[in-house]
Undergrad: 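One structure is given below, represented as structure tokens, and several questions about it will come after.
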Number of protein chains: 2
Amino acid sequence: MHLNVFVMTTGHHEASWRLPESDPYASIDLAHYQNVARIAEDAAFDSLFLADSPHLPGPVRRRPWGMLEPLTLATALAAVTERIGLIATVSTSYNEPYNVARTLASLDHLSGGRFGWNVVTSPDLPAARNFGLSDLPSHASRYARAAEFVEVAFKLWDSWADDAIVGDKAAAIWADESKVCPIDHVGEYFSVAGPLNVPRPPQGHPLLVQAGSSEEGRQFAGRYAEAVFTAQQTLPGARAFAEDLKARAAAFGRDPSKVKILPGLVPIIGSTTAEARALEASLSELISQEYAQGQLASLLQVPVSALPLDGPLPFADLPPEESVEGARSRFSLVVDLARRENLTVRQLIGRLGGGRGHLTITGTPEQVADEMEAWYSAGAADGFNIMPAVLPSGLSVFCAEVVPLLRKRGLFRSEYAGRTLREHYGLDRPAVAVPAGNGDQRQPRLGSERLV
Amino acid sequence: MHLNVFVMTTGHHEASWRLPESDPYASIDLAHYQNVARIAEDAAFDSLFLADSPHLPGPVRRRPWGMLEPLTLATALAAVTERIGLIATVSTSYNEPYNVARTLASLDHLSGGRFGWNVVTSPDLPAARNFGLSDLPSHASRYARAAEFVEVAFKLWDSWADDAIVGDKAAAIWADESKVCPIDHVGEYFSVAGPLNVPRPPQGHPLLVQAGSSEEGRQFAGRYAEAVFTAQQTLPGARAFAEDLKARAAAFGRDPSKVKILPGLVPIIGSTTAEARALEASLSELISQEYAQGQLASLLQVPVSALPLDGPLPFADLPPEESVEGARSRFSLVVDLARRENLTVRQLIGRLGGGRGHLTITGTPEQVADEMEAWYSAGAADGFNIMPAVLPSGLSVFCAEVVPLLRKRGLFRSEYAGRTLREHYGLDRPAVAVPAGNGDQRQPRLGSERLV
């Protein structure tokens with residue numbers, strides 16, 4: 001079983017920052033994140049994960065939405081850890097592939113092969129408006145751009161052969177130029193000459209991670225993703241999702257066992273079920289109803305006035321799923337949850353407060369471990385994306401109470417066997433695709449060395 | 001006097017990687033850079049600096065041009081140091097201001113206010129070809145874009161007031177939304193809504209650094225730069241440059257003493273002059289003439305065949321300076337040096353091998369300190385951009401032999417007095433410009449919080 005910790009400020013529960021134990025400035029405090037990373041590494045977690053969107057994602061009045069940027073934060077965490085993998089989110093909609101490929105290659109070198117890239121297409125209009133666009137690009141065009149973006153990154157990482165560096169001081173040959181080739185990519189969205197200015201990453205390619213669960217998102221994941229974060233409420237739903245994704249991977253000619261499915265899990269742990277429920281209730285009491293109502297209205301694309309707290313969701317007035325150009329799969333998950341369990345708006349807000357649609361397990365360590373084992377054994381999960389409601393305490397409790405149970409059951413490692421993120425997840429290191437121009441011994445077009 | 005160390009792989013001398021002491025893989029080895037950073041911090045240097053261009057800047061056959069990306073490298077160095085400032089290069093031609101502003105804000109938080117941004121416009125066609133362009137944008141348009149880019153970054157850093165975070169747990173108010181404002185920038189190159197998703201940096205704005213010395217570069221520096229790296233061969237030339245830049249700053253209404261001029265300096269140190277000259281000669285012998293000739297031809301924009309090793313520069317065949325769309329000021333510096341000293345191509349290559357046109361001082365520690373003091377006292381420099389020919393040994397020798405002399409003369413600090421990069425350089429922390437919409441209590445347009 002694989003374990004990733006999804007790190008978010010003072011925890012995934014929207015009111016976690018209001019707890020007495022939480023520092024309201026934790027979202028910009030490196031020491032807070034370093035502490036979380038060390039707890040996860042001490043427990044031999046496969047990886048930690050940082051989400052992102054290039055805009056202010058919610059009202060700062062109610063929640064610490066002013067945060068550190070994930071690539072730089074992950075780099076700083078790599079510098080104080082040795083084994084845990086680091087997965088950072090980078091948007092393909094508002095970046096250039098040359099910049100992203102070199103940054104990720106650099107991070108893979110800096111971390112000794114511990115980096116992963118969560119590919120997102122940034123489904124928010126306010127993000128688009130930070131990059132010169134007045135409308136959100138369509139769901140389909142965002143994914144088409146993402147696919148080409150990833151292909152360019154692959155070519156750039158492979159523009160250096162693994163053995164390109166020679167380092168022959170006597171002969172004055174630092175690298176074999178025939179093994180450093182331009183890529184000359186010309187596509188619908190990008191034209192990139194290459195080669196990269198960073199040698200091939202230790203992992204060949206940093207791990208590719210994906211989290212969108214819409215039709216386009218699943219196709220993208222089936223084609224490229226090596227680990228998939230997903231929000232699932234039920235074991236059968238999760239198993240169907242995993243089977244679907246692995247079938248898509250197989251259809252692309254990939255080994256389906258090399259796509260790791262990691263549903264999100266919010267563990268709320270007490271020494272008795274009653275204690276766990278009391279902890280959950282104490283968190284729910286801290287939720288700002290006004291804030292949560294606004295968030296739900298934004299997700300469902302209806303005015304706040306359409307969401308009376310003690311009434312049902314206005315199902316008839318919701319937009320059809322196919323018209324949702326934002327986070328399409330999350331929209332459906334929330335609507336289905338409210339319909340399936342016949343929840344009022346207030347009840348739905350309580351259910352979403354901790355995990356925004358991800359599975360919440362409230363109970364004893366044994367109950368949490370039982371549920372995890374059940375999902376894992378049933379093929380509904382290759383591991384879990386652990387989303388502590390409160391950080392660092394929720395992670396500490398999980399590591400102290402649940403991880404030992406998983407180990408006793410032979411489900412989770414006691415210590416790291418490998419060094420790289422790929423090794424932790426049991427994934428192969430990609431070989432260099434033969435560059436198009438390899439046989440021609442094409443020379444890269446060079447600038448001069450005037451850096452300053 | 002201020003001291004910055006310009007960190008480049010195994011040193012600035014193009015043949016430094018061939019020395020027995022050098023590791024050919026140092027360019028991708030974090031431990032190498034960490035060692036250099038600690039040496040500079042132990043000597044209480046103001047800062048270290050990483051250059052960059054988003055392309056492969058020279059033939060990898062002859063030199064370790066496959067390197068780490070500077071922002072990520074600087075982040076990893078911040079994590080293992082406590083006081084030294086970190087200046088990283090980011091291009092305004094091939095990035096988006098929202099991404100750069102948030103990354104730099106994040107780094108300033110992560111480092112406790114120790115970050116600086118060396119603004120470059122990336123004057124190389126091969127860089128343009130990595131970003132969908134077939135031609136290099138003109139010198140003037142690159143600088144116009146750079147100016148708007150910097151203005152947008154200022155607005156984004158100021159989109160959070162310093163006291164925006166309230167952190168009132170009881171009232172459930174994390175931040176005062178009236179102090180987090182959209183910027184709604186609409187300009188020639190960029191449209192950016194804002195606000196930033198990172199609170200205001202500890203320094204207000206990370207330090208702004210610039211290194212172009214062309215007419216456009218000087219105007220840009222006079223308007224925005226707080227520290228200026230420059231290549232100067234003579235004291236009178238350096239003094240004229242410093243006076244010119246400070247006059248330009250004054251013309252923009254700025255305090256000229258708040259623009260720090262830092263000429264590059266390659267110190268080649270021996271316990272006697274003869275020993276220093278022998279060290280320089282041993283490095284020159286390791287230069288690949290073929291490589292150096294190609295680099296010179298690229299800089300001068302002539303074919304290699306126009307540069308016979310034992311003849312003079314073909315002055316009549318060189319392009320006029322105003323037609324040079326690349327590194328215009330460096331072109332002139334090299335041509336003037338060859339003309340002034342009547343150098344053959346081979347001699348010019350020897351002079352450029354260590355510092356690419358920057359001042360090289362070959363001598364005893366006293367001779368180096370004397371020259372530095374002379375430049376400093378004459379108003380030709382507020383400090384120096386130290387460019388060791390060999391790293392880390394050249395820096396170690398400088399810190400052990402020259403820095404104590406500078407201290408004895410009362411020219412350089414014995415220990416850090418301040419915490420931030422601005423404090424090291426004696427520069428003020430910028431106040432928040434009043435956001436355009438501050439009086440209207442405009443609310444930022446928000447997305448929903450669906451990060452995963």
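Order of the sequence lines fixes the chain letters, A, B, ..., with proteins taken first and strands second; residue numbering starts at 1 for each chain.
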Undergrad: Go through the atoms of B:D168 and report whether side chain, backbone, both or neither lie under 4.5 Å from a heavy atom of chain A.
TA: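 When you check distances to chain A, only backbone atoms of B:D168 fall under 4.5 Å.
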Undergrad: If I compare all heavy atoms of B:A79 with all of A:A79, which pair ends up nearest, and what's the gap?
TA: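 Closest approach of B:A79 to A:A79, heavy atoms only: CB-CB, 3.5 Å.
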Undergrad: Between A:R62 and B:A172, is there a donor-acceptor pair closer than 3.5 Å when you use the side chain of the first and the backbone of the second?
TA: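 Checking the backbone N and O of B:A172 against the side chain of A:R62, a donor-acceptor pair under 3.5 Å is found.
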Undergrad: Would A:L68 and B:H109 satisfy side chain to side chain contact (heavy atoms under 4.5 Å, CB included), going step by step from the backbone distance to the final call?
TA: CA-CA 8 Å; A:L68 297 173; B:H109 282 290; 3.6 Å; yes
Undergrad: Would you call A:R102 and B:D52 a salt bridge, using N to O less than 4.0 angstrom?
TA: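 Between B:D52 and A:R102 there is a salt bridge, with a charged N closer than 4.0 Å to a carboxylate O.
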Undergrad: For a side-chain hydrogen bond (donor to acceptor under 3.5 Å, both in side chains) with A:N99, tell me which candidate from B:N99, B:N130, B:N95 qualifies.
TA: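 The side-chain hydrogen bond (donor to acceptor under 3.5 Å, both in side chains) with A:N99 is passed solely by B:N95 among B:N99, B:N130, B:N95.
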Undergrad: Using heavy-atom distances under 4.5 Å, tell me whether A:L125 contacts chain B through its side chain, its backbone, both, or neither.
TA: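 Looking at A:L125, nothing touches chain B.
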Undergrad: Working note: B:F131 + A:E96, criterion side chain to side chain contact (heavy atoms under 4.5 Å, CB included); need CA distance, chi angles, decisive distance, verdict.
TA: CA-CA 7 Å; B:F131 297 90; A:E96 289 282 340; 3.7 Å; yes
Undergrad: Would B:R129 and A:D184 count as a side chain to side chain contact (heavy atoms under 4.5 Å, CB included) here? Give the steps.
TA: CA-CA 9 Å; B:R129 298 188 67 255; A:D184 288 334; 4.2 Å; yes
Undergrad: In terms of heavy-atom proximity below 4.5 Å to chain B, should A:A128 be classed as side chain, backbone, both, or neither?
TA: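 Contact with chain B: none, neither part.
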Undergrad: Quick check for you: among B:L30, B:D29, B:I173, which has the greatest number of heavy-atom pairs under 4.5 Å with chain A?
TA: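 That would be B:I173.
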Undergrad: Testing the basics here: between B:V166 and A:Y25, what is the closest heavy-atom pair and its distance to 0.1 Å?
TA: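 So the minimum-distance heavy-atom pair works out to O-OH, 4.4 Å.
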Undergrad: With sequence neighbours excluded, tell me which residues meet side chain to side chain donor-acceptor pair (under 3.5 Å) with A:S111.
TA: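 Residues passing side chain to side chain donor-acceptor pair (under 3.5 Å) with A:S111: none at all.
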Undergrad: Which atoms of B:L156 are under 4.5 Å from chain A, going by heavy atoms: the side chain, the backbone, both sets, or neither?
TA: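 For B:L156, neither part sits under 4.5 Å from chain A.
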Undergrad: Among B:A170, B:G66, B:P64, who wins on heavy-atom pairs under 4.5 Å with chain A?
TA: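 Ranked by contacts with chain A, first place is B:P64.
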Undergrad: Find the distance between CH2 (A:W65) and CH2 (B:W174) and round it off to the nearest 0.5 Å.
TA: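 Reported value, rounded in 0.5 Å steps: 10.5 Å.
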Undergrad: Kindly give the heavy-atom pair with the smallest separation between A:V198 and B:M67, and that separation in Å.
TA: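 In this case the closest contact between A:V198 and B:M67 is CG2-O, 3.2 Å.
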Undergrad: By a 4.5 Å heavy-atom criterion (distance strictly below it), what part of B:L196 contacts chain A: side chain, backbone, both, or neither?
TA: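 The backbone, not the side chain.
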Undergrad: Give, as side chain, backbone, both or neither, the part of B:A171 having an atom under 4.5 angstrom from any heavy atom of chain A.
TA: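 For B:A171, the backbone is the part near chain A, not the side chain.
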Undergrad: State, to 0.1 Å, how close A:W160 and B:L56 come at their nearest heavy-atom pair, and which atoms those are.
TA: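 In terms of heavy atoms, the two residues are closest at CZ2-CD1, 3.9 Å.
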Undergrad: Give a yes or no on whether the backbone of B:K169 and the side-chain of A:R18 come within a donor-acceptor separation of less than 3.5 Å.
TA: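 Pair found, side chain donor or acceptor close to backbone of B:K169.
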Undergrad: Where does A:P97 contact chain B at under 4.5 Å (heavy atoms): side chain, backbone, both or neither?
TA: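 Contact with chain B: none, neither part.
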Undergrad: Of all the heavy-atom pairs spanning B:T72 and A:S106, show the shortest one and how long it is.
TA: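 For B:T72 and A:S106, the tightest heavy-atom pair comes out as OG1-OG, 3.0 Å.
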Undergrad: Heavy-atom distances under 4.5 Å only: say whether A:S27 touches chain B with side chain, backbone, both or neither.
TA: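 The answer is the side chain of A:S27.
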Undergrad: Is it the backbone or the side chain of A:L77 that comes under 4.5 Å from a heavy atom of chain B, or both, or neither?
TA: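 When you check distances to chain B, no heavy atom of A:L77 falls under 4.5 Å.
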Undergrad: For A:L71 and B:T75, what are the C-alpha separation, side-chain angles and deciding distance, and is it a side chain to side chain contact (heavy atoms under 4.5 Å, CB included)?
TA: CA-CA 10 Å; A:L71 278 172; B:T75 311; over 6 Å; no
Undergrad: Side chain, backbone, both or neither: which part of A:A78 has a heavy atom under 4.5 Å from chain B?
TA: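 Neither part; nothing is under 4.5 Å.
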Undergrad: Quick one: of B:G132, B:P54, B:S122, B:G167, who has the most non-hydrogen atom pairs under 4.5 Å with chain A?
TA: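 The option with the most such pairs is B:P54.
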Undergrad: Answer yes or no: is there a donor N or O on one side and an acceptor on the other, between the side chain of B:N197 and the main chain of A:H55, under 3.5 Å?
TA: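 Here the side-chain-to-backbone pair exists.
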